[in-house]
**Student:** 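There's a structure below that I have some questions on.
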Amino acid sequence: RAKEDEPNSYHFYDNEMEQSIVRRLNMISDLKHAIEHDQFELFYQPKVHLASNTIVGAEALIRWHKDGSLIPPNEFIPVAEESGLINEIGKWVIETACKECAKWQKIGMKGLTVAVNLSPVQFKRGNLPTHIFRALQKYNLDPNLLELEITESLFIDNADHVKQQIHIMAEKGINFAIDDFGTGYSNLNYLTTFNASTLKIDMSFVRHMLNNPQQQHIVNAIIKMSRVMDLENVAEGVEDEQTAQELLAKGCVYGQGYFWSPPVPSDKFLRLLKQYANAA
Ligand code: C2E
Ligand code: MG
Ligand code: MG
Ligand code: MG
């Protein structure tokens, strides 16, 4: 509360808060504009089978073209989540990713999967499965080719309606991956109550693991756990060949990272696919 004898501190606080609210409101209206004017694009990052060095799928990662610059998701997804606009944006992401994956199948890249990141907010309304089934049907895509990436935070409340929606989608053959695995705070019990197919080892353990025994221990433990639980594993943030080889030696099966490619626009991803197919 402002005191009469401290006018400056009050105004400073007031201004800062006001500015941050104004910034957020501006971003919300910019995001609405972006939805209406198709300013989003999906980039694709290859998921690589380590033993054969082949591309088996891609993760779709959203980008925002705003006034000539490319805004990364970490700068707008949080606001999209708070405002609920993530529902609209997420629908577009699912549609676009399914469409692209269907295209890959048509041009002969059979079995190539697509992974889509979901926000916990997208589970609140309860109609997520409906939207996803609709997109699969529209593009005639096998549910097995779609992987949904969720984070441990989704399970913090242990909510029934979350589990139900996941169950409905998993029954149809959609795969679930736990993204950023190892960075969450939830207990691991959720892994026994729903059928995840994949653990994605967070890049904070992978990127500098060669120089860091502690991180290697964590990576080892996650790989062992995934095998015991019959889950697939993907290491994120693989930036060099030595790390890729070390991961393979440790029993990791798939990798993603700048060593192979950063996320790239769809046409560039297609060129990358052809390059790898020719090399094989
Ligand atoms: P994520 O799903 O964990 O994605 C991995 C992030 O690591 C991506 O950042 C990717 O560009 C980056 N990355 C990949 N390989 C490397 C590497 O070798 N080194 C380094 N330093 N970074 C690497 P990006 O694209 O900026 O996405 C950040 C996060 O934004 C994602 O993390 C995901 O949580 C979220 N996100 C992205 N697209 C969507 C979306 O369509 N919907 C939702 N809800 N979230 C999204
Ligand atoms: Mg992800
Ligand atoms: Mg991740
Ligand atoms: Mg993430």
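Remember, it's a predicted structure, so these values are computed and weren't measured experimentally. Numbering of ligands and ligand atoms starts at 1, following listing order.
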**Student:** Counting distance only, does the side-chain N/O of Q122 pair as donor-acceptor with the main-chain N or O of S119 below 3.5 Å?
**Tutor:** yes
**Student:** Applying a heavy-atom cut-off of 4.0 Å, say which part of K200 lies close to ligand 1: side chain, backbone, both or neither.
**Tutor:**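 Neither; no heavy atom under 4.0 Å.
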**Student:** For ligand 1, is there an N or O atom under 3.5 Å from any N or O atom of I62?
**Tutor:** yes
**Student:** Just wondering, is there an N, O or S atom on D180 that's nearer than 2.8 Å to the Mg ion (ligand 3)?
**Tutor:**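 Short answer: yes, at least one N, O or S atom is under the cut-off.
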**Student:** For a 4.5 angstrom cut-off between non-hydrogen side-chain atoms, does Q256 reach V234?
**Tutor:** yes
**Student:** Please confirm if an N, O or S atom belonging to E236, backbone or side chain, lies less than 2.8 Å from the Mg ion (ligand 2).
**Tutor:**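 Within the cut-off used here (under 2.8 Å), E236 places no N, O or S atom near the Mg ion (ligand 2).
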**Student:** As an exercise, identify every atom of ligand 1 less than 4.0 angstrom from a heavy atom of S119.
**Tutor:**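 Under 4.0 Å from S119, ligand 1 has these atoms: 44 (N).
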**Student:** With atoms numbered from 1 as shown, which atoms in ligand 1 lie under 4.0 angstrom from a non-hydrogen atom of G257?
**Tutor:**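 This gives 15 (N), 18 (O) as the contact atoms.
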**Student:** Compare all side-chain heavy atoms of E149 with those of D180 and state whether any distance is below 4.5 angstrom.
**Tutor:** no
**Student:** Give the ring-plane orientation class for F76 versus W64, where under 30° counts as parallel, over 60° as perpendicular and anything between as tilted.
**Tutor:** perpendicular
**Student:** Any idea which N/O/S atom from E149 gets closest to the Mg ion (ligand 2)?
**Tutor:**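 This turns out to be OE1.
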**Student:** Within ligand 1, which atoms have a heavy atom of V93 less than 4.0 Å away?
**Tutor:**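 Here the atoms of ligand 1 in question are 41 (O).
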**Student:** Could you check which of R63, M203, Q45, Q256 puts a non-hydrogen atom nearest to atom 7 (O) of ligand 1?
**Tutor:** M203
**Student:** Can a donor-acceptor pair be found between the side chains of H208 and Q215 at a distance below 3.5 Å?
**Tutor:** no
**Student:** Taking the N/O/S atoms of D179 one by one, which is nearest to the Mg ion (ligand 3)?
**Tutor:** OD1
**Student:** Which is it for D179 and ligand 1 at heavy atoms under 4.0 Å: side chain, backbone, both or neither?
**Tutor:** side chain
**Student:** Taking the side chain as C-beta and beyond, is there a heavy-atom pair between P72 and N74 under 4.5 Å?
**Tutor:** no
**Student:** Measure from atom 35 (C) of ligand 1 to every heavy atom in A97, A177, P73 and give the option owning the shortest one.
**Tutor:** P73
**Student:** Going by atom types alone, do E100 and Y139 pair a side-chain donor with an acceptor below 3.5 Å?
**Tutor:**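 Checked: E100/Y139 side chains show no N/O donor-acceptor pair below 3.5 Å.
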**Student:** Is it the side chain, the backbone, both or neither of D180 that has a heavy atom closer than 4.0 Å to ligand 1?
**Tutor:**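 Side chain only; the backbone of D180 stays clear of ligand 1.
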**Student:** Verify whether one side chain among D240 and T243 offers a donor that lies under 3.5 Å from an acceptor in the other.
**Tutor:** yes
**Student:** I'd like to know: is the Mg ion (ligand 3) within the 2.8 Å range of an N/O/S atom from D202, strictly under that distance?
**Tutor:**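 Given the 2.8 Å cut-off, D202 does not count as a ligand of the Mg ion (ligand 3).
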**Student:** If the plane angle is over 60° it's perpendicular, under 30° parallel, otherwise tilted; pick one for Y190 and F155.
**Tutor:** parallel
**Student:** Please confirm whether E81 comes within less than 3.5 Å of ligand 1 when only nitrogen or oxygen atoms on both sides are compared.
**Tutor:**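 So ligand 1 has no N or O lying under 3.5 Å from an N or O of E81.
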**Student:** Look at ligand 1 and say whether P263 reaches it with a heavy atom at a distance under 4.0 Å.
**Tutor:** yes
**Student:** Please state which part of L61 comes within less than 4.0 Å of ligand 1, counting heavy atoms only: side chain, backbone, both or neither.
**Tutor:** both
**Student:** Relative to the Mg ion (ligand 2), which of the N, O or S atoms in E59 is the closest?
**Tutor:**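 Restricting E59 to its N, O and S atoms, the minimum distance to the Mg ion (ligand 2) goes to OE2.
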**Student:** Given I132, which partner from the list K91, M169, Q165 fulfils the side chain to side chain contact (heavy atoms under 4.5 Å, CB included) test?
**Tutor:** M169
**Student:** Taking the side chain from Q216 and the backbone from M209, do they hold a donor-acceptor pair closer than 3.5 Å?
**Tutor:**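 Answer holds: yes.
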